[in-house]
Amino acid sequence: MKKGTVAWESPSNIALIKYWGKIGRQYPCNPSVSMTLKNAVSRTQLSFSERKDKWINFEFEGKENLDFAKRIEKLFEGLNDELPFLSQYSYSITSENTFPHSTGIASSASAMSALALCLCSMEELITGSKLERDEFLQKASFLARLGSGSASRSIYESYATWGGSDAFSKASDDFATPFSKYIHPIFKDYQDYILLVSSKKKKVSSTAGHGLMNNHPFAKTRYDQANSNFEQMLGILRSGDLENFIEVLENEALSLHGLMMNSTPSFTLMKPNTLEAIELIRDFRNTTKIPVGFTLDAGPNIHLMFPKKDSNKVDAFVNEQLTELLEDGKYLKDETGLGPKQIYTAGGE
Ligand code: PMV
């Protein structure tokens with residue numbers, strides 16, 4: 001086959017138990033579990049044609065992006081064993097996100113998972129053989145992991161784990177494992193409002209962030225804590241115990257930020273308004289008994305998580321008390337999503 005085009009849409013995800021620290025070929029130092037989002041997605045199209053001087057051209061939202069092109073080049077170079085045909089073609093890749101730039105939403109998770117799915121579709125086009133759906137997704141998750149660890153989990157709808165654990169025999173370091181079939185109904189349409197405290201570019205890249213865990217004085221304690229929180233969280237996702245959900249969720253978020261604060265070098269990624277919003281969220285929860293909890297990624301923005309049935313009351317709380325702490329009063333409403341969608345596949349001579 002001389003040329004072809006494939007395209008996929010793939011979502012971001014929010015980690016409930018955080019992956020922070022990696023070894024070897026992007027293996028996680030502890031297991032993680034995440035909720036797949038619905039509205040925050042990347043749409044990526046990959047066209048391949050006969051190899052020319054320029055190997056990879058990457059455009060993000062209509063503009064050439066050399067940094068991401070380099071990252072893709074590095075990824076492709078490392079995939080010789082898995083996808084030996086990659087070096088035979090040149091690539092024109094375009095990608096766009098449905099969510100605004102630099103909002104602290106993990107765009108590498110959606111972008112790398114969409115790209116990995118494109119590579120799996122391309123392989124099917126070139127070889128003319130189709131994998132079973134489960135195998136296809138597992139391969140995509142494996143490839144996504146090599147692009148960005150958290151991207152491995154975006155391949156699956158609703159909830160996914162990544163990283164081997166005694167608490168879940170199907171879990172693996174190599175790829176994510178779907179967890180949706182074990183989920184209590186309360187979590188099936190769980191809400192995640194992303195409160196934009198600041199959209200400034202992150203002070204620490206995630207690669208540098210994971211690197212902070214090498215020789216971190218609390219690394220072993222953290223990995224023990226993460227394993228224990230992981231086991232608890234899987235139980236909670238099955239049982240629907242919201243009180244413990246919130247306790248573990250917030251413990252993970254603040255542990256991640258604590259680890260960054262006492263790393264060398266040290267990073268404080270929360271802003272004063274992040275802390276103020278956290279206080280207000282906890283006060284609201286204590287007074288109303290509405291089970292809203294928060295988590296954070298490696299940035300200042302807050303993910304406010306709660307059951308769908310409480311949406312009206314939480315909307316009022318956010319509008320009355322939190323929007324004044326947010327950049328331009330902005331927040332994005334998201335919720336549990338159904339996973340990636342194939343958009344297009346065509347190839348020819
Ligand atoms: O996938 P990476 O390398 O961008 O790391 C993601 C790290 C966190 O978002 C902080 C946690 C996680 O598990 O998603």
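Order of appearance sets the numbers: ligands from 1, and atoms from 1 within every ligand. Hydrogens, waters and symmetry mates play no part in the numbers below; they use all other heavy atoms, side chains included.
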For ligand 1 and K22, I'd like to know whether there is a polar contact (N/O to N/O, distance under 3.5 Å). no
When you compare ligand 1 with Y19, is there at least one nitrogen or oxygen pair between them that comes in under 3.5 angstrom? yes
Just going by heavy-atom distances, which of A253, S206, S32, G147 is nearest to atom 2 (P) of ligand 1? S206
What do you reckon, does S148 have a nitrogen or oxygen under 3.5 Å from a nitrogen or oxygen of ligand 1? yes
Determine whether the aromatic ring centres of Y156 and F179 lie less than 6.0 Å apart. no
Looking only at distance, does S150 have an N or O less than 3.5 Å from an N or O of ligand 1? yes
Tell me, which pairs form a side chain to side chain donor-acceptor pair (under 3.5 Å) where one or both residues lie in residues 162-177, sequence neighbours left out? Y27-D174, K170-Y182
What pairs with N65 under side chain to side chain contact (heavy atoms under 4.5 Å, CB included), at least two apart in sequence or on another chain? F58, F60, D67, F68
Ligand-side contact atoms (ligand 1) for residue partner H210, heavy atom cut-off under 4.0 Å: 2 (P), 3 (O), 5 (O)
Do V314 and I290 make a side-chain contact, defined as non-hydrogen atoms from C-beta onward lying under 4.5 Å apart? yes
Should you measure from each heavy atom of A15, which atoms of ligand 1 turn up under 4.0 Å away? 12 (C), 13 (O), 14 (O)
Report yes or no: does E250 contribute a side-chain atom to a donor-acceptor pair with the main-chain N or O of F294 at less than 3.5 Å? yes
Find all atoms of ligand 1 within a distance of less than 4.0 Å from any non-hydrogen atom belonging to G149, and give their numbers and elements. 1 (O)
Looking at S108, which atoms of ligand 1 are within less than 4.0 Å of one of its heavy atoms? 4 (O)
Donor-acceptor contact below 3.5 Å, side chain R153 vs main chain A176: no
Regarding ligand 1, does N13 bring an N or O atom to under 3.5 Å of one of the ligand's N or O atoms? no
Pair K139 + E82: basic N to acidic O under 4.0 Å: no
Q26 to ligand 1, any heavy atom closer than 4.0 Å: no
Ligand 1 to D297, heavy atom cutoff 4.0 Å, flagged ligand atoms 8 (C), 9 (O), 10 (C)
Any idea which part of R153 is under 4.0 Å from ligand 1, heavy-atom wise: side chain, backbone, both or neither? side chain
Spell out, as yes or no, whether a donor-acceptor pair under 3.5 Å connects the side chain of D328 to the backbone of K330. no
Around atom CZ of R133, are there more than 12 heavy atoms from other residues, nucleotides or ligands closer than 6.0 Å? no
